[in-house]
Amino acid sequence: MEKKRIIIVGGGFGGVKCAGTLCRHLGSEEAEIVLFNAENHLVFSPLLAEVVGSSINPMDVVVPLRQLLPGVFCRTEEVQGVDTAANQIVYNSETGQGTRMKYDHLVIACGNVTNLQAVPGMADQAFPLKTVGDAAALRSHIIEKFETAEVCESQERRCWHLTFLVVGGGYSGVEAAGEINDLARVSAKYFRNWRASDVKVVLIHSRDQILPEISAGLREFARQKMEKAGVHMVLNARVASATPEGVGLQNGEFLKGGTIVCTIGSSPAPMLASLNVAKEKGRLQTDPDMRVRGLQNVWAIGDCAWIVNAQNGEPSPTTGQFAEREGRQVAENILQVMRGEATKPFCFKLLGELCSIGGHSAVADMLGLHLSGFLAWFVWRGVYLFKLPTWGRRLQVGFDWAWLLVFPRDLSHIRTEQTDRVGHAHYAPGDFVFKKGDAPDNFYVVEQGEVEVVRPHDGSNNGDGEVVAVLGPGSFFGERALVGNRPRVMSIRARTTVEVLVLGKNVFAQMSGALGPLRDALAQTLNRRSVDLSKDRPEIYDLLKRTPLKQLMEPVPDVLLKPDTTMSEVSHAFVEKGNEFFYVSSDGATLEGVVTITDLLRGRDSGKTDASTPVKEFMTKNPIAVTMDEDCALAATAIREYRLKTLPVIESKTNRKLVGYLRVRRLMAYIMKHGDEGAKATAKQIEPKPAMPAA
């Protein structure tokens, strides 16, 4: 039999169960099983609330996929789309480029993604609870709130720090509220300035009862038990907005709190958008055997799939219990197809549902039995302990739970920020300093060489795109993302060999706040860079983009100074020739520097020079330049960035042979002649300030 390739997208419960089942029945000579997942581990999501409550270690709820599935080729790359006509997936390789891989069978188990955009402000202010990173960050934040409350002088503000708003009364919300409540109340005895009575955990739910998935009696038990433990219930309420101070409800009421946890809000994974197949509420519709409707070799399971359960004719719920059974069944169906046998429809009877509500209590529907209180909590822990995929994790989690019966919860607050630094970095031509979408971690100053500011094409973040600016020695970049605390909106690529000074973001904040000149320079630079001709004046930008520099540049000046030309000789040259500037070159061709009258006067006034001082000591070394093959739009940006009167033009990025120069006056005249009536205003935006040094 020809060796097949089976690709599984998603490393959740369904994807892992599918991969494991296939491995047990197929030898390496029969099939290659490839699992794509953005993270290299399986997250046991039912225990994320335990991480938030410091009941277990964050690493105890993850299992490395490579150790869990030794026979599977695990790839930590994100799949961007599926080409069903060519039987190929498209994924981002380690270079950031879109790469294709062919499949014989494809299993889509990518789940869904958190989407907090439906409520204004929620994405900015709330903590989601989807990944182990979310849980660890929330735990750290909660303990930080404990510490802040301890030193807060205002009682009102202290209570605000100790108020936790949990949005969503399903399993995740109820378990998170219970764990946060337990953590806060059992930890109060270790603090001097606040008590358990200062803690307020509020659970906000849009229906009249929490936990709609279980029986009415257990819902009511859960509500009463949680309220008795100190959790406040706000039912029949929808959140309309989220702010740094709390959440606003649709009825106009505002609930104040220092922490917002959102367990609602999800949307289909982005890769599903490229699939032109039938969907229901964003999920892929499947045939009874879990094949994506209309496709023979593409299957879907888990949260991303709309699978009708043959057991009751209802859509399968998006729970781990069902995802595991779907993963096993889809693997068996793929094996049946490979053997030429008939597939089976998905059919599974729910075994039970469990939910911890805090305070050593839980509720459970198990095999027709309704359990609550300590017994249900004991069953809950036992079931989930043995659901963990490896004995190593079972022992670790079991030990953590046993530890809590004797010792208190861990209140360590680990800061995740790296130590700020001031350092240097080297980049070769073509290397990226950072790409669009990267986090704003550092501020950069060019020490040697040049970098290009790249606007990616079509919103891509692979680094390719249009060069919109060139920055040279003395220039800085990265300030806008740091000031706005937002991802990078442009990419920065080394144009030549580059040396940069790197400042951590907190160092940058301290320096820019304390140093007036730096603060002023940042303000001026942000103001200059806010002008974007491509958006503000697209007709002028298009004119400059289609105009090559060769059309407007002037030939190399007759006189080129040598680097050892003395200050006295430079002065005579300015007097005799009447030039505004001179280029400096050792060989009469390669651009090494430029000297203006302003440079000469500054050199004279420095007190460190005399008539015999060579020009190389006070000239502008390796001035910014553009190449003869580039366009006038890039030249206009460089002129504005450096407030130049002239811009040298060189042969290429690697060869700084001087071939000409561009005068700003000629560029302005060209705009006013060939642009519309608004061109004059645009030309003034490009024109440098008269008081600034010319170059």
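Judged by the 6.0 Å distance and 45° axis criteria, K673 is not positioned over the aromatic ring of Y670.
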Kindly indicate, with the supporting measurements, whether the criterion side-chain contact (heavy atoms from CB on, under 4.5 Å) is fulfilled by V34 and I6.
-> CA-CA 6 Å; V34 185; I6 304 171; over 6 Å; no
Using the side-chain contact (heavy atoms from CB on, under 4.5 Å) rule, take V594 and F582 through it: C-alpha gap first, then chi angles, then the decisive distance, then the call.
-> CA-CA 6 Å; V594 62; F582 289 101; over 6 Å; no
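Residues D629 and T627 have side chains that never bring a donor and an acceptor to within less than 3.5 angstrom of each other.
Partners of C632 under the side-chain contact (heavy atoms from CB on, under 4.5 Å) rule, at least two apart in sequence or in another chain, are L544, T547, L549, L552, L667.
At distances below 3.5 Å, not a single donor-acceptor pair connects side-chain atoms of N655 with backbone N or O atoms of S652. Looking at S585, its side chain never comes within 3.5 Å of a backbone N or O of L591 through a donor-acceptor pair. Put simply, the side chain of D542 never gets that close to the backbone of E539: no donor and acceptor are under 3.5 Å apart. In this structure a side-chain-to-backbone donor-acceptor pair under 3.5 Å is present from K279 to L272. N37 places no side-chain N or O within donor-acceptor distance of the main-chain N or O of N40, the cut-off being under 3.5 Å.
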Table please: side-chain donor-acceptor pairs of residues 445-454 below 3.5 Å, with sequence neighbours left out.
| unit_1 | atom_1 | unit_2 | atom_2 | d |
| --- | --- | --- | --- | --- |
| E447 | OE1 | H424 | ND1 | 2.9 |
| E447 | OE2 | H424 | ND1 | 3.4 |
| E450 | OE1 | R495 | NE | 3.3 |
| E450 | OE2 | R656 | NH1 | 3.3 |
| E452 | OE1 | R493 | NE | 3.1 |
| E452 | OE1 | R493 | NH2 | 3.1 |
| E452 | OE2 | R495 | NH1 | 3.1 |
| E452 | OE2 | K653 | NZ | 2.6 |

Taking only distance into account, with no hydrogens and no angle test, what donor-acceptor pairs under 3.5 Å do side-chain atoms of residues 554-567 form with protein atoms, sequence neighbours excluded?
| unit_1 | atom_1 | unit_2 | atom_2 | d |
| --- | --- | --- | --- | --- |
| E554 | OE1 | Y661 | OH | 3.2 |
| E554 | OE1 | R663 | NE | 3.4 |
| E554 | OE2 | R663 | NE | 3.3 |
| K562 | NZ | S586 | O | 2.7 |
| T565 | OG1 | K562 | N | 3.1 |
| T565 | OG1 | K562 | O | 2.9 |
| T566 | OG1 | E569 | N | 3.2 |
| T566 | OG1 | E569 | OE1 | 3.3 |

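The shortest distance between side-chain heavy atoms of Y427 and T496 does not fall below 4.5 Å. Under the 4.5 Å side-chain criterion, counting only non-hydrogen atoms from C-beta, L284 is in contact with V277. Counting heavy atoms from C-beta on, the side chains of F127 and D134 never come closer than 4.5 Å. Side-chain contact between V9 and L106 is present, with heavy atoms from C-beta onward closer than 4.5 Å.
A salt bridge links R602 to D599: at least one charged side-chain nitrogen sits closer than 4.0 Å to a carboxylate oxygen. Between R5 and D104, no side-chain nitrogen of the basic residue sits less than 4.0 Å from a carboxylate oxygen of the acidic one, so the salt-bridge criterion is not met.
Summarising the local packing, NZ of K657 is surrounded by 12 or fewer heavy atoms from other residues, nucleotides or ligands at distances under 6.0 Å. Other residues, nucleotides and ligands place more than 12 heavy atoms under 6.0 Å from the CD atom of E630.
Checked against the 6.0 Å centroid threshold, Y444 and F434 count as a close aromatic pair.
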